[in-house]
Amino acid sequence: MATKILASSSHSFENECKEIHESRGRWNHLIRALITRTQLECRRIRETYKDMYGEDLITLLQKSSLRNQPGVSPKTCAALSLWMLHPHERDAIVAREALLQDNDTNYQALVEIFVGRKSSHIALIKQAYLSKYKTQLDQDIINIEPPHPYQKILVALSTSHKAHQADVNQHTAKCDARRLYETGEGSPGAIDEGTVLEIFTKRSIPHLKLTFSCYKHIYGHDYTKSITDVNSGEFEDALKMVVKCICNPPNYYVKILFASIKGMTADRGAITRVMVSRSETEMDEIQRVFKAKYGVELRETICDSIPSGDYRDFLLALANKTV
């Protein structure tokens, strides 16, 4: 029988922590209890447990996973650990893992952070990254070897967040759209990287989204189509992915989830990363788009493709959350 988490009163989680402490060695019970909680509740439980027993729940979970204790899978422990972290701490860890991935830098994960977070949150991520890893996130991106066009775009996006230029201006957006056309499909040859990077450096994500909307209104098709129509190279491929993430996040995340759940991508951490980061912000919309695009519920796809166990239960719990 799974551990039953008692109801909280006055935001006190002492009873929960006592049950967790008494269930030491039966971590699968803890996992099944915590996956029903919100991220904020899990963070409060973690903080209360540390105050009461002087131990960190995430550290205990990770140690149990390394010891291969029954009922604890590394994948589940990693997912639950991310779930219990503050969002900026979680993103700092995701960014570090993306930079240190064995075969190739996970630019997709980095793009999701710089596109999907507010400037204030990006600042907290950089602080957490520096505190934990004693190095600057921006500098680590610049130092990636071998060099890649994604670096240029990420550095530009990072600079735009520093500028805190969150204002959205219709006239400026139309001007930016025309500049993108004139230096892209409106001229022979490849896209002018300099113009794209200048706009990305100076404009906020909401403003860029408006710019691409204006582009479609003025020229009758998405900016991504113009990228496809020109002589496509690595920069154009990277730009297209970033623009899709900016313009239609739910559709972008749905494609990432489907490919990851079905094992069609090398980005093995995408399922956990996307489900954890989007579960309490836009999961309703992601589920709607998923069903419309693939004709099946996200929950059904998870059940059909992920082996039964705590990890699948965790993903289903996140899929069932409503915003």
Side-chain angles (χ1 to χ4, degrees), residues 87-166 176 180 183-184 190-209 211-212 223-224 227 232-249 252-253 255-256 265-267 269-270 273-274 277-278:
H88 60 275
E89 294 176 316
R90 177 196 68 221
D91 286 338
I93 290 174
V94 169
R96 184 67 171 180
E97 291 177 349
L99 288 165
L100 297 180
Q101 191 164 291
D102 291 338
N103 298 323
D104 197 10
T105 301
N106 189 344
Y107 290 107
Q108 192 165 267
L110 293 169
V111 167
E112 290 166 14
I113 290 173
F114 281 97
V115 168
R117 312 295 186 262
K118 294 180 179 179
S119 295
S120 58
H121 186 87
I122 293 292
L124 291 174
I125 293 170
K126 292 179 179 180
Q127 290 175 13
Y129 189 95
L130 177 61
S131 176
K132 187 174 182 65
Y133 303 113
K134 312 306 178 188
T135 181
Q136 299 280 355
L137 175 56
D138 286 350
Q139 193 60 46
D140 284 350
I141 292 173
I142 292 171
N143 292 339
I144 293 173
E145 292 291 344
H148 195 283
Y150 270 116
Q151 285 170 279
K152 301 176 184 178
I153 299 175
L154 287 167
V155 170
L157 291 173
S158 179
T159 303
S160 74
H161 281 294
K162 289 179 185 176
H164 293 288
Q165 295 175 343
D176 288 342
L180 289 174
T183 58
I191 286 174
D192 182 0
E193 294 183 16
T195 299
V196 172
L197 295 174
E198 179 192 342
I199 292 173
F200 272 47
T201 298
K202 294 180 177 179
R203 311 296 186 225
S204 67
I205 297 300
H207 183 94
L208 289 174
K209 188 170 185 176
T211 296
F212 298 130
Y223 179 61
T224 51
I227 300 173
S232 184
E234 284 190 334
F235 181 82
E236 287 78 13
D237 290 343
L239 178 60
K240 185 160 59 175
M241 196 273 276
V242 173
V243 173
K244 287 180 177 180
C245 190
I246 291 172
C247 291
N248 193 337
Y252 166 88
Y253 286 118
K255 290 181 179 179
I256 297 298
T265 174
D267 187 2
R273 184 181 73 245
V274 172
S277 67
R278 312 321 297 172

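In this text, all values refer to a predicted model and were calculated from it rather than measured experimentally.
- You'll find the side chain of D176 reaches within 4.5 Å of the side chain of H207, heavy atoms only.
- Under the side-chain hydrogen bond (donor to acceptor under 3.5 Å, both in side chains) test applied with Y129, the options R96, E89, H88 reduce to a single match, R96.
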TODO: Kindly indicate, with the supporting measurements, whether the criterion side-chain contact (heavy atoms from CB on, under 4.5 Å) is fulfilled by V155 and T201.
DONE: CA-CA 8 Å; V155 170; T201 298; over 6 Å; no

- [ ] Step by step, work out the side-chain contact (heavy atoms from CB on, under 4.5 Å) result for F235 and V196.
- [x] CA-CA 10 Å; F235 181 82; V196 172; 4.1 Å; yes

- [ ] Evaluate side-chain contact (heavy atoms from CB on, under 4.5 Å) for Y107 paired with I144, printing each intermediate quantity in order.
- [x] CA-CA 11 Å; Y107 290 107; I144 293 173; 3.2 Å; yes

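- Annotation: the span from I199 atom CD1 to T183 atom OG1 amounts to 6.5 Å, rounded to 0.5 Å.
- Side-chain atoms of P147 and E145, non-hydrogen and from C-beta on, do get closer than 4.5 Å to each other.
- Across all non-hydrogen atoms, the minimal contact from I113 to I122 is O-CD1, 3.6 Å.
- The pair R273-D267 meets the salt-bridge criterion, with a side-chain N (NZ, NE, NH1 or NH2) lying under 4.0 Å from an Asp/Glu carboxylate O.
- No side-chain donor-acceptor contact under 3.5 Å links S131 to the backbone of A128.
- At least one side-chain heavy atom of E112 sits less than 4.5 Å from a side-chain heavy atom of Y253.
- When atom types are taken as modelled, the side chain of Q101 and the backbone of A98 share no donor-acceptor pair closer than 3.5 angstrom.
- Once rounded to the nearest 0.5 Å, the distance linking CD1 of I141 with CG of L157 reads 9.5 Å.
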Open item on the list: side chain to side chain donor-acceptor pair (under 3.5 Å), that's the test. Do D104 and H148 meet it? Break it down for me.
Closed with: CA-CA 11 Å; D104 197 10; H148 195 283; over 6 Å; no

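- Remark: K152 NZ to E234 CD distance equals 10.0 Å, nearest 0.5 Å.
- Looking at heavy atoms from C-beta onward, I125 lies in side-chain contact with H121 at the 4.5 angstrom threshold.
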TODO: Go through the steps to decide whether I93 and Y133 satisfy the test side-chain contact (heavy atoms from CB on, under 4.5 Å), and finish with yes or no.
DONE: CA-CA 9 Å; I93 290 174; Y133 303 113; 3.5 Å; yes

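- Across all non-hydrogen atoms, the minimal contact from I191 to E236 is N-OE2, 3.7 Å.
- The distance from atom CD1 of I205 to atom NZ of K209, rounded to the nearest 0.5 Å, is 10.5 Å.
- Atoms CZ and CG, on F114 and D138 in that order, are 5.5 Å from each other to the nearest 0.5 Å.
- One distance of note links CG of L239 with CD1 of I153; it measures 5.0 Å at 0.5 Å rounding.
- Residues Q108 and Y150 form no side-chain contact, since every pair of their non-hydrogen atoms from C-beta on lies 4.5 Å or further apart.
- Between F200 and V242 the shortest side-chain heavy-atom distance falls below 4.5 Å.
- The side-chain heavy atoms of L99 and L110, taken from C-beta on, include a pair separated by under 4.5 Å.
- A heavy-atom distance below 4.5 Å is not found between the side chains of L130 and Q127.
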